[in-house]
Amino acid sequence: MLKPKFAAVAAALALAAPAGLVVSAGAADAATTYYSSCAKLAAKFPQGVAKSASAAQKQVNQGYGRPSTTDLAKKVYWENHKRLDRDNDGTACER
């Protein structure tokens, strides 16, 4: 008697699993890390992105706003620093 219940549960899980994967893939696509210009990056990160909290503090000390240092912001920095951190100070697109 347990086998039919087990089969029903397995079938339900098999149908539910792909739906969960689709949601996860959508969330990953929303977290874009490549930006072709500072104008596009500033739409999501208005004060720019920094590679570390100390790099962000340097920007504040120089009179800029505090750049984002979240995990996503750090990924964005490392994906774009060669192109968007022209002064090599650890912050891309500071404002």
Engineer: State which residues pass side-chain hydrogen bond (donor to acceptor under 3.5 Å, both in side chains) with Ser54; sequence neighbours excluded, sorted by chain then number.
Structural biologist: Ser52
Engineer: Quick one: list whatever passes side chain to side chain contact (heavy atoms under 4.5 Å, CB included) with Lys40, sequence neighbours left out.
Structural biologist: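 Applying side chain to side chain contact (heavy atoms under 4.5 Å, CB included) to Lys40 gives Tyr35, Ser36, Ser37.
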Engineer: Measure the shortest side-chain to side-chain distance between Thr70 and Val49 over non-hydrogen atoms and say whether it is less than 4.5 angstrom.
Structural biologist: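 Sidechains of Val49 and Thr70: no contact.
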Engineer: Do any pairs count as a ring pair (Phe, Tyr, Trp, His ring centres under 6.0 Å) and have a residue in residues 44-78, sequence neighbours left out, and if so which ones?
Structural biologist: Tyr77-His81, Trp78-His81
Engineer: Distance check, rounded to the nearest 0.5 Å: Leu41 atom CG versus Thr32 atom OG1?
Structural biologist: 11.0 Å
Engineer: Looking at Lys74, I want to see if its NZ is surrounded by more than 12 non-hydrogen atoms of other residues, nucleotides or ligands under 6.0 Å.
Structural biologist: yes
Engineer: I'd like a table of donor-acceptor pairs (distance under 3.5 Å, sequence neighbours excluded) in which one partner is a side-chain atom from residues 86-95, with atom names and distances.
Structural biologist:
{"residue": "Asp89", "atom": "OD1", "partner": "Thr91", "partner atom": "N", "Å": "3.1"}
{"residue": "Asp89", "atom": "OD2", "partner": "Gln59", "partner atom": "NE2", "Å": "2.7"}

Engineer: What are the two closest non-hydrogen atoms of Glu79 and Thr33, and how far apart are they?
Structural biologist: CG-O, 3.3 Å
Engineer: Please report the closest heavy-atom contact between Thr69 and Ala50, naming both atoms and the distance.
Structural biologist: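 Closest approach of Thr69 to Ala50: CG2-CB, 3.9 Å.
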Engineer: How would you list, by chain and number, every residue that makes a side-chain hydrogen bond (donor to acceptor under 3.5 Å, both in side chains) with Gln57, sequence neighbours excluded?
Structural biologist: Asn61, Arg66
